[in-house]
Undergrad: 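Here it is: the structure, laid out below.
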Amino acid sequence: MNLLAEIRQCFAPALESLGVQPADYLGMIRPAQDKKFGDYQVNFAMGLAKALGKAPREIAGSLVETTNLSGLCSQVEIAGPGFINLRIDDEFLRTALTTAVSDDRLGVAASSNPLTIVIDYSSPNVAKPMHVGHIRSTVIGDALARIARFVGHHVISDNHLGDWGTQFGMIIYGYKHFRDQAAYRANPVQHLGDLYRRVRQLGDYHSACSKAPQLAQQIEQLKVQFAQMKSAPEPEDKGERKQKAKEIQRLEKKLDELNEELAALRQKISAIENVAELKQLADEHARINQSVLEETAKLHAGDADNLAMWREFLPSCMDDINSIYKRLDVGFDQVLGESFYHDQLQAVVDDLKNKGMAEVSDGAMCVFLDNFETPMLIQKSDGAFLYATTDLATIKYRVETWSPDIVLYVVDHRQQEHFDKLFAVAARWGYATQDFRHVSFGTVLGEDGRPFKTRSGDTVGLAGLLDEAERKAKGVLIAMQKDSSELVDEAEIERIAQIVGIGALKFADLSQHRSSDYTFSYDKMLELKGFTATYAQYLYARVQGIYRRDNIDPASFRTQPKPFLFEHPLERELGIMILQVSETLDEVLVDYRPNLLAQYLFELTQTFFKFYDQCPVLTADSEKLKASRLQLCDLAARTIRLGLGLLGIGVVDKM
RNA sequence: GCGUCCGUAGCUCAAUGGAUAGAGCAUCGGUCUUCGGAACCGAGGGUUGCAGGUUCGAGUCCUGCCGGGCGCGCCA
């Protein structure tokens, strides 16, 4: 039962009779912001008043008169400037709750308009270790896929792996020059990772060596400029003085930035030069960066040796990634990486060329677009393709293969301009009816508040983060068990710690608005109280505890529901909140915002614990009341299980 | 420089243009021989960066400024 949808439906005829498009206004019916106003509020009378030239309260009155809410709402009030406050009829609530108790879907109807939705998420670079920067796309994308699927859409989740890029050139180079056959045999995943890091380190060293002097020179120039600016006489004009101060500030900041960059380069240099063996290696591989690109080019050109190595390495790299997915309980319907599209790229370029959309500029094949200063490059001057080319080929493939209505790209916001261009090209190319959407999210920042740099070497590995989450949850669990009667064995603690720890981690991410930057903090990500998954999981465990205590089999009332009673205001409040899961899921999909579901689950849990504090369940005054309250507990717990499950988070019977 | 996103309580964050801007954490105080204290109740804490504008109504929309993140042709 979707209460909000029911109410909206009721108001449509009245709006139509006023001569306006109901769709423009029905969205303004919302859950009441403050419970004292009722359950739902209608906010469009004020807006309509202007358009129709009547007093808002008068409009509200006529809307109420011509709208049939009987059976649905027991109380309709016009308040303030023209709000219409609605209170759902208790009997209607009881019926809806009774239906929910006996329904596996808790009364949530499947969408009457199922769409085909492709969701592209996670998409890590194979062969590079996954780090915390990958968690957002993975966790948000997975949650959206689960939610959309539950709501009734046909979802195709697709992991667009970076499995065809320079990183394989690096591994191939490393394998050819640095491999330790025994170590490789013993643990291919780890050894390939080592080879990657070694090549990376040497390559970075050489880049740093060539960049550092230029950078140092640039800094010297800036310093001179800065000194001149500072010693120049103060302008008399106030505006110019301000301008000057600003310019000085800007230069200072720029200097700081460059100095920091230089320090990072020098660190990379000294890391090599301080170790004689490394220095020797670096000297022996002076052309390493060019060679890596050559190995990559050979792979792309179909070189038999490199292709064979790629085929050999890929499964090992995937093992690493899949173990993370397994721990996160994340899956995909399709895993079509960049390599899958490799042989379709030339055709894409040719097609765009033939259609007059692409032209050569400065040696590179470009698609120029209105409203964009820079073109989209689809082929480099050396003939190599770019990720834009792959993205276009991917669009073509997805549309031709799955005919999606919507294609979501769960990718961080730094790529916004890329997607703006990509979608613009796609539309001109003939894919204009699909709703391509960049579901962007904020950058993962370090605890110092600065963006997490992929190249900064000391990133937190994702595997280590998961370990830490589970370790901390286990510590809390063991501490809790000391004075609890509900003892559980060692293996059980391990299992529970996993679900609680990973759940906390995921929830920390999903509970935040996806567009805001994500400040990485162990404390925050592993928090186990307050606005967390743990709090909601605790609700579930407590309800299971009630069943255990009184040997209750919930199946008994799920098949034969008893009447719901509202003797305490919190029983009714909890009942409404339970039913609102349906409208919450719809809300999530309007703008692809899982945090709305997280917020809902938290509020539901808060309401439950208030209810539970004030309404005795097992010791209720009558059997009828006990039965009713047990059903509320059951519904609350099942709603939490469903909602957390849709966020990719599990529940446990004891914790 | 151009583009784009952001600025809300001490901290971390909420709030499709709606009524008195809300949570969590932290702090302080209460509930307690408990239906498993990972709980419940209460208190303090705000000129929503600044200044204008639009409107019946602005944290939200528009303009300008201040401060910050990110991006800006052959990386992905």
Side-chain angles (χ1 to χ4, degrees), chain A residues 27-28 30 32-34 36-37 41 43-44 46-47 49-50 55-56 79-83 85 123 125 162 165-167 246 338 361-366 371-382 384-388 390-391 411-418 420 440 442-443 445 449-451 454 476-477 479-481 483-486 500 508 511-513 515-517 519 521 523-524 527-532 534-535 537-539 541-542 545-546 548-550 587 590-591 595-596 598-599 602-603 605-606 608-610 612-620 626 629 633 654-655:
Chain A
M28 293 164 80
R30 313 178 43 199
Q33 298 247 316
D34 193 322
K36 75 181 177 200
F37 297 133
Q41 61 185 54
N43 295 334
F44 48 58
M46 291 82 79
K50 179 100 178 179
F83 295 103
N85 291 331
S123 311
N125 260 319
T166 315
Q167 74 276 24
K246 205 172 154 186
E338 290 171 338
S361 162
D362 288 340
M365 188 64 70
C366 300
N371 305 324
F372 290 97
E373 289 216 353
T374 54
M376 170 169 259
L377 268 69
I378 54 172
Q379 190 169 22
K380 303 201 307 195
S381 48
D382 67 3
F385 303 107
L386 293 122
Y387 79 131
T390 310
D391 281 350
V411 179
D412 84 279
H413 76 285
R414 283 176 293 191
Q415 293 194 42
Q416 186 182 316
E417 198 176 358
H418 165 67
D420 287 345
S440 71
T443 317
L445 306 173
R450 303 181 63 106
T454 318
V476 175
L477 255 171
M480 290 291 177
Q481 291 310 313
D483 39 33
S484 164
S485 55
E486 303 251 3
V500 172
S511 59
Q512 229 161 96
H513 196 300
S515 75
S516 42
D517 281 348
T519 304
S521 144
D523 287 344
K524 184 173 149 195
E527 185 63 67
L528 298 178
K529 50 185 177 172
F531 185 20
T532 64
T534 316
Y535 183 52
Q537 286 168 328
Y538 187 56
L539 181 164
R542 287 297 294 271
I546 296 171
R548 284 193 297 274
R549 186 182 178 90
D550 220 26
E587 270 317 295
V590 169
D591 206 22
N595 72 307
L596 294 176
Q599 186 82 36
F602 175 67
E603 284 166 12
T605 306
Q606 277 187 318
F608 172 83
F609 278 117
K610 283 181 199 175
Y612 192 60
D613 190 56
Q614 294 193 35
C615 302
V617 177
L618 296 178
T619 53
K626 177 179 168 183
R629 286 179 176 170
C633 290
K654 302 173 184 175
M655 58 190 281

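Values below: all heavy atoms of this structure, side chains included; hydrogens, waters and symmetry mates excluded.
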Undergrad: Pick base, sugar-phosphate or nothing for T374(A), based on heavy-atom distances below 4.0 Å to the nucleic acid.
TA: sugar-phosphate
Undergrad: Can you tell me whether the side chain of Y538(A) and the base of A38(B) have a donor-acceptor pair closer than 3.5 Å?
TA: no
Undergrad: Taking any heavy-atom pair under 4.0 Å as a contact, classify H418(A): base, sugar-phosphate, or nothing.
TA: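 The residue H418(A) makes no contact with any strand.
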Undergrad: Rounded to whole Å, how long is the line connecting atom CE of M376(A) with atom C1' of G71(B)?
TA: 14 Å
Undergrad: Taking U48(B) as the reference, what is the distance to G7(B) when you measure between their C1' atoms (whole Å, please)?
TA: 9 Å
Undergrad: Please work out if G27(A) contacts a base, only the sugar-phosphate, or nothing of the nucleic acid, heavy-atom cut-off 4.0 Å.
TA: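 Base contact.
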Undergrad: Across all strands, who's sitting opposite G64(B) as a Watson-Crick or G-U wobble pair, both distances under 3.5 Å?
TA: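 By the stated definition (distances under 3.5 Å), C50(B) pairs with G64(B).
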Undergrad: With nearest nucleotides of RNA chain B determined for E417(A) and N85(A) from heavy-atom distances, which residue corresponds to the more 5′ nucleotide?
TA: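 Comparing both residues, the 5'-ward one is N85(A).
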Undergrad: Using a heavy-atom cut-off of under 4.0 Å over every strand shown, decide if L386(A) touches base, sugar-phosphate, or nothing.
TA: sugar-phosphate
Undergrad: Could you pick out which residue, M28(A) or F385(A), lies toward the 5' side of RNA chain B when each is mapped onto its nearest nucleotide?
TA: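 Counting from the 5' end, the first nearest nucleotide belongs to M28(A).
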Undergrad: Taking only N and O in the side chain of Q416(A), is any of them less than 4.0 Å away from OP1 or OP2 of U4(B)?
TA: no
Undergrad: Without decimals, in angstroms, what is the distance between Y612(A) OH and C41(B) P?
TA: 15 Å
Undergrad: Taking a pair as Watson-Crick or G-U wobble with both distances under 3.5 Å, which nucleotide is matched to U27(B)?
TA: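 The base-pairing partner of U27(B), which may sit in any strand shown, is A43(B).
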Undergrad: Checking all strands, does R542(A) fall into the base, sugar-phosphate, or nothing category for heavy-atom contacts under 4.0 angstrom?
TA: base
